[in-house]
Structure formats: C-alpha cells, structure tokens
Amino acid sequence: MADIKEILSDMTLDEKIGQLCQYNTQEVVESTAGITGIDENLGLTKAQVDSIGSVLNFANAVEMREAQKKHLENDRNKIPMLFMMDVIHGYRTIYPVPLGLGASFDPELAYDCSRVAAKEASAGGVHVTFTPMVDYVRDARWGRVMETCGEDVLLNSRMGAAQVKAFQGDDLKNPENIATCVKHFAAYGGAEAGRDYSRVDISEQALREFYLPAYKACIDAGTTMVMPSFNTINGVPALANKFLMKKILKEEWGFSGVVISDYHAVDDFETHGYTDNRKENAKIVFENGCDIEMCSTVFFNNLKSLVLDGTFTEEDIDKAVLRVLDLKDKLGLFEDPYRGASDKIDADEFLTEENRAVVRRAAEECAVLLKNDGILPLSKDTKKIALIGPLADNKEIIGFWACMGKPEESVTVKEGIKKLLPNAEIEVAKGASYIWGENSTDGFEDAIKAATNADVVIMCVGEPQDYSGEGKSRAHLEMPGAQEKLIKKIREVNKNIVLLTFAGRPIVLSDVADDARAILHMWYPGTEGGTAAANLLFGDANPSGKVSMSFPKSTGQCPVYYNRTNTSHPKSIEDEDTYLPFHSNYIDCGNLALFPFGYGLSYSNFVYESLELSRNEMTKDDEVTVKITIHNDSDRAGKETVLLFMRDMFASCVRPIQQLIDFKKVYFEAGERKAVEFTIKEEMLRFWNNESQFVSEPGEFRISTGCADNLILTKSLVLK
Ligand code: GLC
C-alpha cells in the first residue's frame with residue numbers, strides 16, 4: 001500500500017485540484033501512439049494538464065501505456081492516472097446489451113459475462129468501467145433502456161450487484177479485476193416523454209421504492225464510484241440536489257467512495273437555467289460531494305479561488321483528493337501504473353474461444369421466445385431456408401456502445417445457420433431497409449422469390465443497433481422502413497415465417513405478430529449473435545429468456561409497465577379488447593403490453609401445478625415458505641425462471657397490482673417435476689409510506705407466480 005497521506009503532503013493546491021479533473025485521453029496527453037495532444041479548447045495550462053488525475057476513452061493498451069508514461073514524466077508528483085471507459089456489455093468480446101442480459105434473469109450469467117469483460121478491459125488498459133447502469137425504466141421510447149436490466153427494481157438490483165462483484169473480484173489489486181462506477185444517480189430513466197436528458201418529476205415514494213434501490217444494491221456490493229445523472233429531479237440538477245447527493249448518498253447510505261460527474265455535467269447548470277455563475281457551480285457541486293469533474297473545466301478554473309476566499313478549506317479539497325488517491329492505491333497503481341495493460345494492441349486475452357463461448361451462452365439465454373405455434377425448433381433436415389431482412393446477413397448485431405467490440409468480428413445469422421447446417425440451401429434477401437424513412441419496396445421482389453417454395457422463411461428484422469443508447473429516443477417504436485410491409489408480402493407466398501427480431505429496446509410488433517408462426521427476440525445479442533440464433537432456431541439451445549421490459553402494443557401506451565396500480569376506474573384484463581366508457585382505458589388501444597414483464601416461452605413445457613404456503617398468516621417475525629411445484633412435461637430439458645409476485649391488497653399508499661418479490665432460474669431435466677422454494681419475510685412486504693418510512697401494514701397479501709398480467713396459483717397470506 002502507498003502512503004497516500006505522505007503523497008498528499010507534498011502536493012500543491014493546484015496539483016490537488018488536478019486529481020479532481022478528468023478529460024478524454026487524446027485531449028490531454030501528447031503521445032506517439034496517435035494521441036493528438038493538448039486540446040486548445042480546454043484552455044488549460046501545461047501545469048494543469050500535467051496534474052490531471054484521470055482520463056477516459058482511449059483506443060488500446062499501447063495508447064494507455066504511452067499516455068501513462070508521458071504523464072508520469074510530466075507530473076511532478078509521479079501520481080499515475082486512472083484510465084476509465086464504458087465497458088457496458090463487453091470490452092472486445094461482446095455479450096447482449098444489458099436489457100437483454102436482464103431477460104436472462106440470471107445474475108450468475110451477468111457475473112460470467114462481466115468476468116470476461118473485466119479481464120479483457122484490464123488487458124486493454126482500463127482501470128475503471130462506468131458500469132453498471134441500473135437506472136429504473138418504464139418508457140421504451142428512452143434510448144438508454146438498452147443499458148439497464150429492465151423495468152423491475154429487484155431484477156436491476158441483483159443484476160447490477162452481480163456485475164459489480166464480477167468486475168471487481170475479491171481484490172482490486174488483482175490486475176484481472178477493474179473498479180466499477182454505478183450510474184446514473186438518480187432516476188435518469190424517468191425522463192419525461194422518454195426523451196433523453198429531459199426533466200424528471202418524481203415523488204419521494206417512487207424514488208425510494210423504484211428508482212433508488214438498485215444504486216444502493218450496487219453500493220452494498222462494493223462499487224467504488226457513483227456517477228450522478230444529467231437530469232433535473234423536481235427542478236434541481238442531480239449534482240446540485242442535496243437530497244440525493246448528501247441526505248441519501250452520504251448520510252443514509254454512507255457512501256465513502258469517489259463521486260464523478262457525468263460528461264460535462266458540472267458545466268451544464270447554465271443550460272439547465274440553474275446558475276450562470278461557474279464559481280457558484282463549482283461551490284454547489286463540490287459542496288454536494290462530487291469529487292471528479294468529467295470533461296469540463298469548472299473545477300480547474302474555480303476551486304482554488306473558493307479555497308482562497310475561505311468558502312472551502314484546503315482540508316476539504318484534501319478529503320476529495322484522498323478518495324481519488326485511495327482508489328488508485330486499491331488498484332495498485334502506485335506499485336504498477338500499467339497494471340494489467342497488455343503491451344500489445346491485440347491482447348492475448350481478447351476474443352478467446354472461451355470468451356466467445358460465454359457470450360454465445362449469454363446470447364442464447366437472453367433471447368425471449370415471444371410466440372411459437374410449434375414450428376420451432378426447426379428440423380436440422382430443413383433443406384431450403386429463405387433468410388430475409390436487413391439483419392439476415394448483417395455484422396451490426398453487437399449493439400450500441402459495444403466498447404472495443406468490432407462488428408466484423410461478429411457472427412451473422414446467415415453465418416451461424418450456414419455453419420450449423422452446411423448442407424442446407426440458404427437464400428438471402430435483404431428485402432427492405434431498417435432505417436427510419438427509407439420505405440422503398442424495391443427489394444421485395446428478390447425477397448418474395450427467395451421465400452417462394454422455401455421450407456421456412458426466417459425474417460431478421462428490427463431496429464438498427466444505433467437506434468438505442470444515449471440521445472437515441474424514439475417516438476415510433478414500430479420497426480423502421482418497410483419491414484412490416486415486407487413481412488406481410490412474404491406471408492402471401494409462404495406462411496412458414498419465423499421472425500427473429502433485433503432491438504436495444506422493446507419494439508411494437510402488434511401489426512406483424514399474427515403474420516408469424518414464431519417470434520424470437522434477440523435484443524442485440526453481441527459477437528456470437530448469429531451462432532446463438534442458429535442454435536436456438538434449430539434446437540441446440542432451448543430459449544429461456546423472459547421479458548425484462550414490457551413490449552407495448554402501441555407507442556401511445558408508453559410508459560407501459562407491469563407494476564401499475566389499479567386506479568379508481570380499472571378495466572379488467574378480460575375486457576382488454578373492449579373500450580369501456582368511464583374506465584381507465586384507450587378508445588383506440590388496449591391497456592396491456594403485447595408481451596408483459598416476465599413472459600417468455602420455451603421448447604420445454606413447464607406445467608405449474610401448485611403453489612403452497614407454509615402458513616396463511618404471519619407476524620412480522622415469521623417467515624413463510626412458498627413451494628411452487630412445476631413439471632417439465634416434455635422430452636426436452638430446459639431452464640425456467642420462476643417468478644414470485646405479491647399484491648398488498650389495501651395500504652395507506654395504494655400498492656401495485658403485481659410486484660416481483662423474488663425469482664429463481666431453475667434447470668429441469670426432461671419430464672422432471674420439481675418444487676421451487678422461496679421464503680417470504682416481512683421486509684419484502686414493505687413500502688414507503690406518507691410518513692417517510694419503509695413499513696409493512698397488517699392485512700391481506702396475494703402471493704402468485706406466472707408472469708405479469710397472467711398471475712396464477714394465487715394464495716392469500718395475512719400479515720397480522
Ligand atoms: C456519457 C454517459 C455516461 C458515460 C459517460 C462517459 O455522456 O451519460 O453514461 O459513462 O458519458 O462516457
């Protein structure tokens with residue numbers, strides 16, 4: 001361990017402030033590895049640049065080594081820089097986008113994938129990843145739903161915690177582990193109208209119950225950093241929000257790690273209309289506990305004067321600097337500033353067969369079988385396959401923000417099927433564009449010719465991978481271009497259509513769902529997407545994914561989510577297709593999702609036979625065992641995610657009609673019958689009441705399984 005206090009004691013105030021600043025690597029470090037050098041736009045002095053504590057975004061380990069070496073030559077204190085990057089769903093071997101990972105309902109899978117990413121990223125010179133993103137989401141119009149694990153707080157919490165533990169391992173000194181940064185604190189996913197960066201108006205109850213717990217789960221799992229979000233919460237930018245930054249993060253949660261702003265967020269107060277005084281910005285943000293400013297110069301240009309005018313003491317600055325130096329020390333950077341960085345651009349750790357196997361398994365386990373009339377799995381004796389659509393032979397299936405992943409290293413659906421069925425006749429036709437506004441039908445003729453007389457038509461359709469992610473909100477969630485028309489045209493000549501859908505979000509499939517005999521949603525599956533698709537289509541893999549975020553029937557329903565309350569004028573599920581005057585419903589659309597949270601089919605046949613409670617009444621000190629007996633009534637082994645829901649029938653704050661309180665992914669042999677057990681404890685029944693407390697209230701709770709909007713085997717449990 002380094003003596004960071006000793007190091008601090010030798011530093012000037014200017015050098016200390018440098019540790020609290022982060023810029024893009026290529027902006028600040030001259031290097032022979034193609035880094036262009038100091039960016040004039042930053043307006044920083046050479047002394048300031050030489051004191052910078054961390055950088056983000058760099059091409060590879062060689063560039064990182066060059067940058068670190070240059071920095072250490074120029075930094076009087078020889079303090080290594082931290083190198084940070086967004087390793088969101090893989091570094092070079094890419095796994096499904098996190099919303100797809102959430103659909104696996106398998107924290108162990110998230111762990112395995114994150115381990116692959118950690119090792120590759122560390123070899124790539126990364127010390128910290130800006131992951132996991134656990135923003136709670138309900139609106140599929142928001143492009144960043146792609147980066148979260150879904151619309152449920154428990155799912156997001158468990159998947160987020162698994163990623164933290166996997167990336168960080170047991171010891172950050174181990175060069176195969178890297179530090180994590182949970183984001184975006186907080187409630188960024190509540191953006192009004194699903195439009196990125198827009199305002200978030202939210203009650204404390206919603207914050208406490210839905211939007212905050214997953215960040216806390218990641219902090220409890222040991223994440224070393226927290227990144228506040230761009231958005232305002234109830235009119236105040238997150239970085240300036242004392243309730244969030246001080247009361248919740250520091251006082252209630254006791255977070256003692258490093259807080260880093262989002263990109264340029266410290267300098268966004270003026271655009272928000274919050275303050276137009278950068279010195280005031282610096283005061284507010286630093287006072288609220290932000291340690292590192294990312295990619296703006298408010299700290300560099302104002303913190304010193306805030307110390308000189310007595311607003312802050314140098315000890316205040318020291319505390320923030322020590323948090324940064326402590327993270328560097330935990331990572332072992334003082335012993336080895338290059339840590340796990342390879343000396344090659346293409347490290348040996350990248351794209352190994354072992355890594356590909358992990359992400360292939362992930363792509364298989366994340367896919368959700370949304371419809372199947374029995375056509376799937378296809379026979380491997382299938383002779384003539386028509387492979388149609390803009391994603392049929394498309395390398396762009398690794399998803400947005402795929403870090404150093406290269407589309408050219410991915411396996412397309414065509415390549416995957418060709419490899420699995422070398423003797424099949426596969427005819428490929430793009431048929432239509434998937435770009436919004438490109439509605440040409442010129443490609444239809446070739447597609448129709450390919451489909452005519454084919455044994456099966458596999459249509460690979462959806463939205464482009466860069467239609468989700470930051471700044472990528474959509475106002476229309478249908479498939480772009482003429483894809484829907486294409487599907488209907490193809491059906492005129494061949495009814496054996498299997499849709500393979502690709503998207504970074506739930507898309508609207510209402511107008512084509514009836515045209516297909518099966519729908520397999522792949523999300524954006526990553527480097528091995530085509531191999532996984534082939535394995536799933538032809539039965540070498542059995543789909544086990546469940547919907548992690550509700551698929552709307554119409555964009556107009558957004559936000560549509562499962563844990564809704566009943567309202568004063570509810571419409572029953574049975575009346576879904578009927579408009580009822582003076583009911584909570586639409587004249588022109590149903591209320592329910594087309595495919596609800598927790599829904600997903602399998603090639604197995606899981607028959608839910610019973611749900612038993614060990615007792616029907618409980619006190620706050622009791623625990624209740626729930627036993628759900630399931631029979632895999634098929635000749636095919638498979639995994640089933642068993643979901644446990646509850647409904648608090650009456651409470652001082654109205655409660656959701658269905659709320660996930662536990663889940664387990666369980667393997668069944670063919671024909672196997674198994675009892676899956678859960679334990680209900682009183683704290684699982686609590687909610688945030690109007691007296692600002694997490695409480696449970698006596699009364700009836702309904703305990704169910706199944707999936708949202710299709711709860712089964714419901715039993716009553718009374719809390720005394
Ligand atoms: C971006 C994103 C954030 C990311 C950061 C660094 O603007 O909001 O998620 O980690 O900048 O790339």
Side-chain angles (χ1 to χ4, degrees), residues 21-28 39 52-59 64 81-91 97-99 114 117 121 124-137 142-149 156 160 163-164 167 178-191 194-200 214-215 218 223-233 237-239 257-269 271-272 285 290-296 298 327 399-405 466 468-473 504:
C21 301
Q22 176 178 108
Y23 300 93
N24 287 304
T25 310
Q26 62 274 16
E27 285 179 308
V28 299
D39 184 298
I52 282 168
S54 59
V55 289
L56 78 161
N57 300 333
F58 49 97
M64 175 267 178
M81 293 193 295
L82 280 165
F83 285 73
M84 304 191 191
M85 194 175 281
D86 295 278
V87 186
I88 306 287
H89 55 107
Y91 177 79
V97 294
L99 190 58
S114 303
V126 179
H127 301 148
V128 183
T129 176
F130 300 119
T131 295
M133 188 274 222
V134 292
D135 298 338
Y136 182 79
V137 293
W142 192 51
R144 302 197 77 168
V145 300
M146 176 272 285
E147 297 173 54
T148 174
C149 284
N156 250 328
Q163 291 175 69
V164 169
F167 273 109
I178 63 174
T180 59
C181 174
V182 67
K183 68 187 185 183
H184 304 84
F185 185 70
Y188 183 23
R195 194 175 65 255
D196 207 353
Y197 315 116
S198 60
R199 63 180 296 125
V200 174
Y215 306 115
C218 293
T223 191
T224 57
M225 294 179 72
V226 171
M227 180 190 294
S229 52
F230 288 123
N231 54 285
T232 58
I233 293 105
L239 277 168
V258 175
V259 176
I260 184 168
S261 79
D262 202 338
Y263 202 105
H264 197 272
V266 173
D267 206 7
D268 290 347
F269 283 12
T271 42
H272 272 299
V285 168
C290 181
D291 298 311
I292 297 178
E293 175 183 14
M294 185 194 292
C295 293
S296 46
V298 176
L327 177 54
F400 187 70
W401 220 329
C403 203
M404 295 302 157
D466 62 359
S468 52
E470 184 173 352
K472 307 290 183 63
S473 299

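The analysis underlying the following values was restricted to heavy atoms, covering all of them including side chains, and did not include hydrogens, waters or symmetry mates. Order of appearance sets the numbers: ligands from 1, and atoms from 1 within every ligand.
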Set of residues satisfying ring pair (Phe, Tyr, Trp, His ring centres under 6.0 Å) with respect to Phe230, sequence neighbours excluded = Tyr197

Between Tyr188 and the options Asp262, Asp196, Asn231, the side-chain hydrogen bond (donor to acceptor under 3.5 Å, both in side chains) test singles out Asp196

Lys183: which of Thr131, Thr223, Asp86, Asp135 passes side-chain hydrogen bond (donor to acceptor under 3.5 Å, both in side chains) | Asp86

Heavy atoms of Ile233 and Ala186 approach each other most closely as CD1-O, 3.5 Å

Quick one: ring pair (Phe, Tyr, Trp, His ring centres under 6.0 Å) partners of Phe269, sequence neighbours excluded?
-> Tyr274

For Thr224, side-chain contact (heavy atoms from CB on, under 4.5 Å) partners two or more places apart = Gln168, Leu172, Ala179, Leu327

Every residue of the protein that comes under 4.0 Å of ligand 1, judged on heavy atoms | Leu56, Asp86, Phe130, Arg144, Lys183, His184, Met227, Phe230, Asp262, Tyr263, Met294, Trp401, Glu470

